[in-house]
Amino acid sequence: MTEFDEDVVVVGSGFGGSVAALRLAEKGYRVRVYEAGRRFEDDDFAKTSWDVRRYLWAPALGCQGVQRIHRLPHVMILAGAGVGGGSLNYANTLYQPGTAFFADPQWHGIAEWESELAPHYATAKRMLGVVEHYPHTGPVERIMAGAADDLGVGSTFRHAPVGVWFGKPGERTPDPFFDGEGPDRTGCTLCGNCMVGCRVGAKNTLMKNYLALAERRGVVIEPLRTVSEVRELPGGGFAVTTQRSGAWFRHARRTVTARQVVLAAGTWGTQQLLHRMKESGALPRISASVGRLTRTNSEALDGAVATSVPESLQLARGVAITTSFHIDDRTHVENVRYGPGSNLMGALATVLVPGDRPLGVRLRSLGAQVLRSPLRQFRLASLRRWSERGIIALVMQTADNSLTLSLRRRLGRLVLTSAQGHGEPNPSYLPQAHAAAAAIAARVQDEGGVPTAARGSWPEVFGIPLTAHFLGGAVISASPADGVVDPYHRVWGHPGLHVVDGAAVPANPGVNPSLTITALAERALSYWPRRGADDCRPAQSAN
């Protein structure tokens, strides 16, 4: 084919897809973006997480919110949905990983990644409006600093880098980031509901930067369209088929052709497409490595909660994540909060059980704790004012562990499943997370929370950790034997197909990965030629 409907189709509008949309438009390409989720204006977000239709993503059930939840045998995954992807419900937290990430053997020999990515991290920080240190200190920040001291790691405590507009609280101002080319902004009111969706307009979501600028340059974004197939065309290019998200009937399938396709549907969505298209023969030369080195950021979500707290202890006031410390050289701990009224996710919390023991022992421990003090446990488990009575501890590691994902048939459908992969076993719990939760609980009690207890999660009781940072499975590699994409993010064997999202990340960064995904996307797109110009990237070797 010499004529295509679009130059480039981008699948997904998260951190990778939004960079692709803007940078390709700047280089003269005709770009269409498909997003499975809906489009949100500030007032469209849920007021609290109890508004499940506007908070949770389950389109077949009429829920078109920002919070996706997926489950595999070895992990439960929290992800984002909507135009802007994970930026709509992430915690604004934009750390740059340490040297261990760049030195991971999977990609260390390909390039000097730390130095090569440095200018792209700088661009990503500018575009995402990073404030290097959260500028407020309150009870939670004092508690986290005290917990770090109690654990003997007080020197590692710091305020988090966040992507938020801290103008005058609640005051609307012209775009402060892009010389007036971006949308007007409103100063942060510290309401705490960043992860439910920022109704204030202070959060630097991708709709406030990359996507807003991309649309000004002619990029077309189609929401509520799920890509069901990407098929290689005989004469080059691809046919991309979409359907109405969550439709039971009247799928309204449509197909467009594009010279090139960028997969940026998030790790779950991108892996789904790659696995299915390889299985169906639509993209027959995808590497057999697809699904390997799937990472969870070696993550755990524990925390502390009190049955009651004094009115002065405003644990829910602030942005979602504000501080962190390192409990050891590979384990990073952050505080997380939801705003007042957003208590739904508290249903995942339960008593802390010994994660290194068999399931029967864990269940007996849970039962024994409840029977010893049923009234106390009932009050701790109550969802009433849950977000105002506790602190979530998000714990991440640079450990070299992974899962391998593959397809299996269940009830007549092909679905993703998981098995332990390369490196250490993917942990079902983290003892460091339990230690951090206990230290935080002690400090909350010192501040007047009575009584306070460390808390785990129901999935963890059953040996299934939670992660908000699902990565890998289509990783950067030196050859198709080792991964799915080349150093320029082109899929081995299908160089017109690109993976530019978390699925390409080759190792556990041990910090929130959004800034890294953005920087990797900036680097990948910097190598694209302008439309019609010669491509300076080397051709792929024979597969």
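The analysis underlying the following values was restricted to heavy atoms, covering all of them including side chains, and did not include hydrogens, waters or symmetry mates.
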Under a 4.0 Å N-O cut-off, is there an ion pair linking R295 with D400?
yes
Is R38 positioned over the aromatic face of F40, cation under 6.0 angstrom from the ring centre and no more than 45 degrees off axis?
yes
Does either side chain, that of S418 or that of H74, offer a donor lying less than 3.5 Å from an acceptor on the other one?
yes
Between Q96 and T516: side-chain donor-acceptor atoms closer than 3.5 Å
no
Roughly how far, to the nearest 0.5 Å, is the OG1 atom of T296 from the CD1 atom of I77?
9.0 Å
We want to know whether Q397 and T331 form a side-chain donor-acceptor pair, criterion being a heavy-atom distance below 3.5 angstrom.
yes
Donor-acceptor under 3.5 Å (K203 side chain, C194 main chain)
yes
May I ask you to check whether T205 and Y90 show a side-chain donor-acceptor distance below 3.5 Å?
no
Please determine whether side chain to side chain contact (heavy atoms under 4.5 Å, CB included) holds for the pair H422 and R292, giving the CA-CA distance in whole Å, both sets of side-chain angles, and the decisive distance to 0.1 Å.
CA-CA 8 Å; H422 160 84; R292 298 178 193 167; over 6 Å; no
Is there a side-chain contact between N343 and W50, using heavy atoms and a 4.5 Å cut-off?
yes
Mind checking whether P161 and Y95 have side chains closer than 4.5 Å, heavy atoms only?
yes
What are the two closest non-hydrogen atoms of R362 and G463, and how far apart are they?
NH2-N, 3.5 Å
Using distance alone, with no hydrogens and no angle criterion, decide if N426 and S298 have a side-chain donor and acceptor under 3.5 Å apart.
no
Are V162 and T322 close enough that some pair of their side-chain heavy atoms sits under 4.5 Å apart?
no
Only pairs under 3.5 Å count here: list side-chain donor-acceptor contacts from residues 429-440, not counting sequence neighbours, and write none if there are none.
unit_1 : atom_1 : unit_2 : atom_2 : d
Q432   : NE2    : D328   : OD2    : 3.2
H434   : NE2    : E460   : OE2    : 3.0

Evaluate the ring planes of Y121 and F102, with Trp represented by its six-membered ring, and classify them as parallel (under 30°), tilted (30 to 60°) or perpendicular (over 60°).
perpendicular
Side-chain donor or acceptor of R409 paired with backbone N/O of G412 under 3.5 Å
yes
Side chain to side chain contact (heavy atoms under 4.5 Å, CB included) for V10 and L263? Distances and angles first, verdict last.
CA-CA 6 Å; V10 179; L263 297 183; over 6 Å; no
Please check if any side-chain donor atom of E141 sits under 3.5 Å from a side-chain acceptor atom of T323, or the reverse.
no
Polar side-chain atom of Q271 near backbone of G472 as donor-acceptor pair, under 3.5 Å
yes
Closest heavy-atom pair and its distance - T156, H326:
OG1-N, 2.9 Å
Any donor-acceptor pair under 3.5 Å linking the side-chain atoms of H332 with those of S324?
yes
Residue pairs involving residues 80-97 (criterion salt bridge (charged side-chain N to carboxylate O under 4.0 Å, His left out); sequence neighbours excluded)
none
For S428 and G355 the tightest heavy-atom approach is OG-O, 4.2 Å
In Å, rounded to the nearest 0.5 Å, how long is the span from CE of M195 to OG1 of T93?
8.5 Å
Tell me if the CZ atom of R53 is crowded by more than 12 foreign heavy atoms within 6.0 Å.
no
Does the side chain of S365 pick up a donor-acceptor pair with the side chain of Q369 at under 3.5 Å?
yes
Just by distance, with hydrogens left out, do H469 and N508 show a side-chain donor and acceptor under 3.5 Å apart?
no
Sub-4.5 Å side-chain heavy-atom contact between T452 and V305
no
Does any N or O in the side chain of T267 come within less than 3.5 Å of the main-chain N or O of F470, such that one atom is a donor and the other an acceptor?
yes
Checking S18 against S13: is there a side-chain donor and acceptor pair closer than 3.5 Å?
no
Can you tell me how far OG of S402 sits from CD of Q420, rounded to the nearest 0.5 angstrom?
8.0 Å
Has D501 got a side-chain atom pairing as donor or acceptor with A265's backbone, closer than 3.5 angstrom?
yes
Is there a donor-acceptor pair under 3.5 Å between the side chain of S87 and the backbone N or O of G84?
yes
Straight-line distance of T241 OG1 to H251 NE2, nearest 0.5 Å
13.5 Å
Going by atom types alone, do W492 and S289 pair a side-chain donor with an acceptor below 3.5 Å?
no
Min side-chain heavy-atom separation D302-L352 under 4.5 Å
yes
Shortest non-hydrogen contact from V196 toward S342
CG2-OG, 3.5 Å
How far does CZ of R276 sit from CD of E229, to the nearest 0.5 angstrom?
12.0 Å
What pair of heavy atoms forms the shortest contact from R68 to A36, and how long is it?
NH2-CB, 3.6 Å
Just to verify, which of V333, N512, N297, T467 counts as forming a side chain to side chain contact (heavy atoms under 4.5 Å, CB included) with L394?
N512
Give the minimum heavy-atom separation between S245 and R225, together with the two atoms involved.
OG-N, 3.5 Å
For R408 and E279, what are the C-alpha separation, side-chain angles and deciding distance, and is it a salt bridge (Lys or Arg N to Asp or Glu O under 4.0 Å)?
CA-CA 11 Å; R408 69 164 179 163; E279 174 76 13; over 6 Å; no
Are any of the side-chain heavy atoms of T226 and T242 separated by less than 4.5 Å?
no
L224 vs R244 side-chain heavy atoms within contact, under 4.5 Å
no
Got a list of side-chain donor-acceptor pairs under 3.5 Å for residues 55-66, not counting sequence neighbours?
none

Treating S477 as the side-chain partner and V485 as the backbone partner, does any N or O pair qualify as donor plus acceptor under 3.5 Å?
yes
Using the rule given for side chain to side chain contact (heavy atoms under 4.5 Å, CB included), can you reason through L315 versus R389, listing the C-alpha separation, both sets of side-chain angles and the distance that settles it, and then say yes or no?
CA-CA 7 Å; L315 301 181; R389 295 186 287 113; 5.7 Å; no
When the ring planes of H159 and F157 are compared, do they come out parallel, tilted or perpendicular, using 30° and 60° as the limits?
perpendicular
Below 4.5 Å, heavy atoms only, C-beta onward: do V500 and L520 meet side chain to side chain?
no
Starting from the C-alpha separation in whole Å, work towards a yes-or-no answer on side chain to side chain contact (heavy atoms under 4.5 Å, CB included) for E299 and V395.
CA-CA 6 Å; E299 203 155 285; V395 183; over 6 Å; no
Roughly how far, to the nearest 0.5 Å, is CG of L301 from CD of E334?
10.0 Å
